[in-house]
Amino acid sequence: MIVGFIGLGTMGRNAALNVRRAGFDMVVHDIRPQSMDALAAVGASRAASPAEVLDRSDVVVTMVFGPKEIEQVVRGENGFLTTSCAGKYWIDMTTSSPKLMRALAGEFQAKGGGPVDAPVTGSVDAAIRGDMPMFVGGTDGDVEAVRLVIEAMGELRRVGRYGNGYVAKLVNNQLWKIHAAAIGEAMVTAKLAGLEPAIWWRVMKGGAADSFVLQHDVPSIFAGHYDPSFPIALCLKDLGLIEELMAETGTRNELTRATHDRFKLAGERYGTSAGEMTVCKVIEDDANVALRVAGDWVAPWDVVHPEGRVGRSC
């Protein structure tokens, strides 16, 4: 089985490296040619377009910025639909619109292909280790056909029909972003009331307020880098998609909208390339306090794969 991979950013590059470690021959493409270098260095071949990747692969994985980019991969000039999709499988890990992606999948399927959605959760360290939880939707046959590729990148969590993966990812990120924004308010309140951040963090873990955000992301505030591996630009894109989905379903969204506004403010103050947890820096700066804590805080992007090697070719 030859695996194609399109989109070699922070998350995609590390996911692709794990596919290569699993022993799959690979064909890769990214709109930034230099982004293919790391995969080429471990034996992957380069392709000039999405269509060429599909032509040369049995399974293609995509992980690009958002709806506009993935639509270009499928419908654009030299996209998937300009070549044969028959007998090919497409695993998409992009955070995107369920409505758009169900339409694109239908077009891919109509040309004989098998679409699977598998958006991921976690952070870049999970992508490096290869243990990202993945929300996987599609027919049983299509999912089983690509199971080994998915499991090379992370943990397969079945969510039903195609498109449900995007829904799961959006509501996952909805809770993630709300909690990220709320943590800044809680931490600053605690410090101003006399409870130091290190003690606050230690006693919150394992209690009713615990979460992935509290466990994983608070150290980026302590370290002062606020985790630029997931920038505000991605947060704003995701929150826009979440609000779009809530509008489609007619769901009340006051908490989500307030969170979106807080992230917009963080982007205006610190730039959209700043780390996601700068949403808490807004509260720090307004209160004129700092939440730095001395310690050996390992940045997510500095995590090393446990094997640190690349597998043999199939």
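Keep in mind the model is a prediction, meaning the values are calculated, not measured. Just so it is clear, the values below take in all heavy atoms, side chains as well, and ignore hydrogens, waters and symmetry mates.
There is a side-chain donor-acceptor pair under 3.5 Å between H305 and N18. Counting only N and O atoms by type, the side chains of H225 and S220 include no donor and acceptor under 3.5 Å apart. A donor and an acceptor atom, one from each side chain of N78 and E52, are nowhere located under 3.5 Å apart. Side-chain contact check for N164 and R102: at least one donor-acceptor pair (N or O, by modelled atom type) lies under 3.5 Å. Donor-acceptor pairing under 3.5 Å is recorded for the side chains of D125 and H216. Side-chain N/O atoms of D217 and Y226 include no donor and acceptor closer than 3.5 Å. Using modelled atom types and a 3.5 Å distance limit, the side chains of S96 and T94 yield no donor-acceptor pair. Judged by distance alone, the side chains of T95 and K169 do bring a donor and an acceptor atom under 3.5 Å apart.
Residue F222 is grouped with residue I283 when hydrophobic side chains (ILVMFWY) are merged at heavy-atom distances under 4.5 angstrom, including chains of intermediate members. Linking Ile, Leu, Val, Met, Phe, Trp and Tyr whenever their side-chain heavy atoms come within less than 4.5 Å puts I128 and M132 in one cluster. When the side chains of ILVMFWY residues are joined at heavy-atom separations under 4.5 Å, either directly or via intervening members, I150 and M63 end up in a single hydrophobic cluster. With hydrophobic clusters built from ILVMFWY side chains whose heavy atoms lie under 4.5 angstrom apart, L81 shares a cluster with L54. Taken together through direct or relayed side-chain contacts under 4.5 Å among Ile, Leu, Val, Met, Phe, Trp and Tyr, M101 and V73 form part of one hydrophobic cluster.
Using a cutoff of 4.0 Å between basic side-chain nitrogens and carboxylate oxygens, D117 and R161 are not scored as salt-bridged. A salt bridge between E243 and R257 is present, with a side-chain N of the basic residue lying under 4.0 Å from a carboxylate O of the acidic one. We find that K281 and D286 are not joined by a salt bridge, their nearest charged nitrogen and carboxylate oxygen being 4.0 Å or further apart. A salt bridge does not link R202 to E196: none of the charged nitrogens lies less than 4.0 Å from a carboxylate oxygen.
Listed here is the closest heavy atom pair of R56 and I2: O-CG2, 3.4 Å. Scanning all heavy atoms of the two residues, the minimum distance from K237 to P67 falls at CD-CD, 4.5 Å. Contact between A209 and L214 at its shortest, heavy atoms only, is O-CD1, 3.8 Å. Of all the heavy atoms in S57 and V3, the pair that sits closest is OG-C, 3.9 Å.
In this pair, W201 and W297 present their aromatic rings perpendicular. The plane angle is above 60°, beyond the 30 to 60° band. W176 and F230 have tilted rings, their planes meeting at an angle from 30° to 60° on a 0 to 90° scale. A tilted orientation is assigned to the rings of W90 and Y162, their planes being inclined by 30° to 60°.
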Please test R46 against D37 for salt bridge (Lys or Arg N to Asp or Glu O under 4.0 Å), starting from the C-alpha separation and ending with a verdict. CA-CA 9 Å; R46 304 171 192 255; D37 292 348; 2.9 Å; yes
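In this structure a side-chain-to-backbone donor-acceptor pair under 3.5 Å is missing from H179 to V213. A donor-acceptor contact shorter than 3.5 Å links the side chain of E284 to the backbone of L291.
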